[in-house]
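Here's the structure we're looking at; comments come further down.
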Amino acid sequence: ISVTSNPVGNKCGEASTIRILNIFGGSDNIGINAAAKNGGITKISHVDFVQRNYGVYVKTTTRVYGE
């Protein structure tokens, strides 16, 4: 989704949430800042956004890569 001019680092941080029937859950912070903090990343190189549907629930994950 996003790219910077920073070099690709060897760290990856994730922030995820699960919604059931697209009604319940989903209140977790899955922003770029939360994912970077979870991975100990201070210089972001790029960001991926993944959404997987498992029938009655959907898992959404933000992945941040960098140093």
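Residues take their numbers from the sequence shown, with the count starting at 1.
Formation of a donor-acceptor pair under 3.5 Å by the Lys59 side chain with backbone atoms of Ser16 is not found in this model. A donor-acceptor contact shorter than 3.5 Å is absent between the side chain of Arg19 and the backbone of Val58. Proximity of a side-chain donor or acceptor of Asn29 to a complementary backbone N or O of Gly31 within less than 3.5 Å is detected.
Counting heavy atoms from C-beta outward, Thr60 and Phe49 have side chains that approach closer than 4.5 Å. By the 4.5 Å heavy-atom criterion applied to side chains, Ile32 and Ile44 are counted as neighbours. The closest side-chain heavy-atom distance from Arg63 to Val47 is not below 4.5 Å. No side-chain heavy atom of Glu14 sits less than 4.5 Å from a side-chain heavy atom of Asn38.
To the nearest 0.5 angstrom, Tyr57 atom OH is 9.0 Å from Ile20 atom CD1. Atom-to-atom distance recorded for Ile41:CD1 and Glu67:CD is 9.5 Å, nearest 0.5 angstrom. Within the model, atoms CD1 of Ile18 and CZ of Arg52 stand 12.0 Å from one another, a figure rounded to the nearest 0.5 Å.
No more than 12 heavy atoms of other residues, nucleotides or ligands lie within 6.0 Å of CG in Asn33, so this atom counts as exposed by the packing criterion.
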Exercise for the section: Mind running side-chain contact (heavy atoms from CB on, under 4.5 Å) on Tyr65 and Asp48 for me, showing each step along the way? Expected result: CA-CA 8 Å; Tyr65 302 89; Asp48 287 334; 3.3 Å; yes
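The two residues Ala34 and Ala15 have their closest heavy-atom pair at CB-CB, 4.2 Å. The shortest non-hydrogen separation linking His46 to Val8 is CE1-CG1, 4.3 Å. Residues Thr17 and Gly26 share a closest heavy-atom pair of OG1-CA, 3.1 Å.
Note on Phe24 and Tyr54: same hydrophobic cluster, where clusters join Ile, Leu, Val, Met, Phe, Trp and Tyr whose side-chain heavy atoms are under 4.5 Å apart, directly or indirectly.
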